[in-house]
Amino acid sequence: MTTPLVEMKDICIAFGGVHAVDHVSVDLYPGEVVGLLGHNGAGKSTLIKILSGAYRQDSGEILIDGKPATIHSPRDARSYNIETIYQTLALADNLDAASNLFLGRELTTPLGFVDDDRMEAETRKIMGRLNPNFKKFHAPVKALSGGQRQSVAIARAVYFNARILIMDEPTAALGVHETQMVAELIEELKKQGLGIFLISHDIHDVFKLCDRIAVMKNGQLVGTAKTTDVTDDDVLGMIILGKCPPGATPGPGALTDEVLAD
Ligand SMILES: Nc1ncnc2c1ncn2[C@@H]1O[C@H](COP(=O)(O)OP(=O)(O)OP(=O)(O)O)[C@@H](O)[C@H]1O
Ligand SMILES: [Mg+2]
């Protein structure tokens, strides 16, 4: 048995009276993609923001590599090699790929000057691995396509040794070709043993990219399942009705048989 990279155990957080995340437990193994699904407001982003250090849970525990982890800030998260790629990507539009990759963490020469040549060389090296077709090293990232921008954001996380990657809607607003490119990137990261939490509203993407899913509803976990053990309809039933199919493991938010019988 391998130790999970991440175990989030019985996590709760409330905003005012709203239980945004209510006793949720999920885990993530090396080389695995776990999809977080649920309606708008289900609590997906809030759960993930606890892992990325943007929010602090009211109760519950996070283990990294089997050991209790204290994550009170994005800096703490980074010290555990947790990197987050938000949908907005947080790229500086007027700068090129290399400048974005090293933004705030620039490489310098022995004399302390920003070392553009070395940053470009490093960028070419990592992009060569992640997205070999990428050629626009001297263009500002605003001139790149959505998928190319996505690959710059992923390269940045990977360069700084992400082991746990959080992706919030990575393929939203991407075309078919671009989505395929991001899918290939994710495959590559899995081979390198990264664990990925992926938030997505696209069932098709989820089945294609995820090894397991965790479905949330009203802040609670409806259930978890291997994607090979459930159908599209099963997953829609989990998202919409909170109904846990036979192939899934129910969570505290799953409808009970009595309610379903009514
Ligand atoms: N900072 C906050 N202050 C108050 N309420 C919040 C805050 N962040 C989230 N919430 C509430 O917590 C609940 C969960 O929100 P969250 O953003 O986690 O949902 P989500 O599943 O990511 O939805 P979406 O699919 O729309 O992104 C919602 O009811 C939301 O209004
Ligand atoms: Mg969200």
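Counting convention: from 1, in listed order, for ligands and their atoms alike. Quick note: residue numbers are just sequence positions, from 1. Since this is a predicted model, take the numbers as computed values, not measurements.
Counting non-hydrogen atoms of other residues, nucleotides and ligands closer than 6.0 Å to CZ of Arg124 gives a total above 12. Remark: Arg105 CZ is packed, more than 12 non-hydrogen atoms of other residues, nucleotides or ligands lying under 6.0 Å away.
Shortest contact from atom 6 (C) of ligand 1 to any protein heavy atom: Phe15 CD1, 3.2 Å. In this structure, the protein non-hydrogen atom closest to atom 26 (O) of ligand 1 is Asn40 ND2, 2.9 Å. With hydrogens left out, the protein atom closest to atom 29 (O) of ligand 1 is Val18 CG1, 3.9 Å, a heavy atom. Protein heavy atom nearest atom 28 (C) of ligand 1, with residue, atom name and distance: Gly41 O, 3.8 Å. Of all protein heavy atoms, the one closest to atom 15 (O) of ligand 1 is Thr46 OG1, 3.7 Å. Of all protein heavy atoms, the one closest to atom 1 (N) of ligand 1 is Tyr55 OH, 3.2 Å. Protein heavy atom closest to atom 25 (O) of ligand 1, with residue, atom name and distance, is Lys44 NZ, 2.7 Å.
Evaluated for a side-chain contact (heavy atoms from CB on, under 4.5 Å) with Leu37, the options Leu198, Leu236, Ile213 yield exactly one hit, Ile213.
Using a cutoff of 4.0 Å between basic side-chain nitrogens and carboxylate oxygens, Glu32 and Lys190 are not scored as salt-bridged. Salt-bridge formation is detected for the pair Arg212/Asp27: a Lys NZ or Arg NE/NH1/NH2 atom is positioned less than 4.0 Å from an Asp or Glu carboxylate oxygen.
For Gln148 and Lys135, the side-chain atoms include no donor-acceptor pair closer than 3.5 Å. Between the side chains of Asp96 and Ser99, at least one donor-acceptor pair of N or O atoms lies under 3.5 Å. Side-chain contact annotation: Ser45 with Asp168, donor-acceptor N/O pair under 3.5 Å present.
At least one N/O/S atom of Ser45, from backbone or side chain, sits under 2.8 Å from the Mg ion (ligand 2).
At least one N or O atom of Ala42 sits closer than 3.5 Å to an N or O atom of ligand 1. Of the N or O atoms in Gly43, one or more lie within a sub-3.5 Å distance of an N or O in ligand 1.
By the definition of a contact as any protein heavy atom under 4.0 Å away, atom 23 (O) of ligand 1 is in contact. Contact annotation for atom 4 (C) of ligand 1: protein present (non-hydrogen atoms, distance under 4.0 Å).
Remark: the backbone N or O of Ala225 is not paired with any side-chain donor or acceptor of Asp229 at under 3.5 angstrom.
At a heavy-atom cutoff of 4.0 Å, ligand 1 is contacted by the side chain of His201 but not by its backbone.
By the rule that hydrophobic residues join a cluster once side-chain heavy atoms approach within less than 4.5 Å of another member, Ile62 and Leu47 end up as members of one cluster.
At least one heavy atom of His39 sits closer than 4.0 Å to an atom of ligand 1.
Scanning Gly16, Ser45, Gly38, Ala20 for the heavy atom closest to atom 17 (O) of ligand 1 points to Ser45.
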